[in-house]
Amino acid sequence: MDEIALINASQKGDLDSFNSLILHYQDSVFNTALRILGDEDLAQDAAQETFISAFRGISSFRGGSFRAWLTRTVINACYDELRRQKRRPTTPLEPETRDGEEMDSPKWLADPNMTPAEKSEADELEHAIQHCLETLPTNFRTVVVLADIQGLDYSEVAATARVPLGTIKSRLARARLRLRECLRGFEELLPASFRLEEESTS
Amino acid sequence: MKNFREIALLSSYLDEELNTTEAAQLEARLPSDPELVSVLNDLRAARDILRKLPARKTPRNFVLTRKMVGLKPPLPRSYPIFRFSTALATILLAISFAANLLTPQIRFAASAPQAVYGFGGGGCEEPCGGDTAAAEAPATEAPLLEVAPAPSTDNATTREGEPPADAMQMPKEAEPESMVAAQPPARNEAFVPLLWQIVLLVIILLSSLLMWIMRLSALRKWR
């Protein structure tokens with residue numbers, strides 16, 4: 001895939017070229033949104049919104065890392081969504097029984113991912129990590145998602161989050177420590193290798 | 001617990017974001033500082049767990065359609081000409097209607113002062129003193145009546161020879177009518193002829209029709 005040619009064509013309004021870029025980056029964009037927002041439906045909306053605004057604003061792309069530019073767009077979309085949630089907090093409709101009564105233990109109270117019998121180890125690990133990620137402040141979460149999940153280097157993270165490099169370093173260190181503390185509560189859910197590592201280090 | 005600067009240093013060291021000097025200094029301290037090693041291991045464990053997090057496949061494709069991004073089909077180059085002509089013709093038509101509606105009122109307003117001149121016994125270039133003359137007339141006539149209380153027969157004969165007062169006044173009353181009749185008749189013609197308005201309307205309709213056809217064909221080709 002000739003990314004530069006596709007970007008140039010997209011800047012001239014060629015939607016097919018931009019769709020090729022979308023197919024290449026959609027997993028990364030969706031996962032970034034999912035880890036920041038913690039909800040699959042919201043992540044889908046944010047990803048779609050990201051690509052729409054990216055196409056509309058692609059003329060403002062002046063070279064450099066397209067991935068970082070796109071990631072910045074998705075982060076902005078996620079922040080918009082988080083702000084919207086803060087302004088208008090919503091409560092999901094509670095599931096009902098056949099009799100039309102609300103269930104006593106809806107899904108979000110008794111999370112099936114937390115019981116190893118119901119889900120695989122990978123799902124449990126993912127859920128535990130997502131839970132711990134959501135305990136972090138948004139700024140910390142963003143840095144950790146970009147650096148450790150998306151694998152961007154520090155300068156890319158700084159460019160994407162529009163934050164000085166020193167701030168990225170400190171935020172990442174704090175976020176990792178907090179995550180480690182949080183994950184200690186899910187020792188039994190962590191893969192054996194991580195538990196052994198923890199035992200050997202402590 | 002280490003101070004936060006050291007923790008940040010360890011985190012950067014883990015990602016190989018320290019320069020060689022800083023990295024060497026830190027590595028020299030590690031063997032003699034078990035707490036530093038412990039924190040480093042904690043940070044590494046957290047980072048490795050995050051890196052092991054499986055990447056989810058997108059539940060659907062996010063490819064965009066033209067409708068989603070509000071793209072419109074490319075229209076022919078002549079399209080703006082028709083659009084401009086339609087807009088111009090519409091404006092002109094509106095102006096012509098307004099002009100035709102307002103013209104009679106403007107004419108009436110313009111002819112109103114002439115009518116005043118005509119009914120007022122003829123115009124005078126300087127400010128008319130009709131009111132003052134009328135006011136002064138009784139004052140001058142009253143002494144005359146006192147001096148000559150009984151009208152003489154001569155006066156009576158002369159008055160008999162004269163036409164009656166009614167007859168004298170008749171031409172004066174008839175004069176304004178004749179003046180009004182002498183004025184050119186008010187023209188009832190429209191300011192903008194109807195033919196022009198029809199032409200403008202035809203232009204508008206034809207241009208609109210052409211634009212609609214152009215847009216339709218462009219949309220079909222685009223799809």
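In the text below, chain A, chain B and the rest are named by the order of the sequence lines, each starting its count at 1.
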Taking atom [atom1] of [X] and atom [atom2] of [Y], what is their separation to the nearest 0.5 Å?
| X | Y | atom1 | atom2 | result |
| --- | --- | --- | --- | --- |
| A:I129 | B:L53 | CD1 | CG | 4.5 Å |
| A:D148 | B:D15 | CG | CG | 6.5 Å |
| B:S12 | A:L172 | OG | CG | 7.5 Å |
| B:N61 | A:I22 | CG | CD1 | 9.0 Å |

Most contacts with chain B, counted as non-hydrogen pairs under 4.5 angstrom, among A:A173, A:S28, A:G151: A:A173
From the list A:K169, A:E181, A:Q44, the residue making the most non-hydrogen contacts under 4.5 Å with chain B is A:Q44
Per-residue contact mode, [X] against chain B (heavy atom under 4.5 angstrom):
| X | result |
| --- | --- |
| A:F55 | side chain |
| A:D27 | both |
| A:Q130 | neither |
| A:L15 | side chain |
| A:I52 | both |

If you measure from the Lys or Arg side-chain nitrogens to the Asp or Glu carboxylate oxygens, is any gap between B:D48 and A:R176 under 4.0 Å? no
Test: A:R180 and B:D42 ion pair at under 4.0 Å: yes
Report yes or no: is the cationic atom of A:R174 (NZ for Lys, CZ for Arg) under 6.0 Å from the centre of the six-membered ring of B:F4, at an angle within 45° of the ring normal? yes
In terms of heavy-atom proximity below 4.5 Å to chain A, should B:R60 be classed as side chain, backbone, both, or neither? both
If I compare all heavy atoms of A:R35 with all of B:P54, which pair ends up nearest, and what's the gap? NH2-O, 3.3 Å
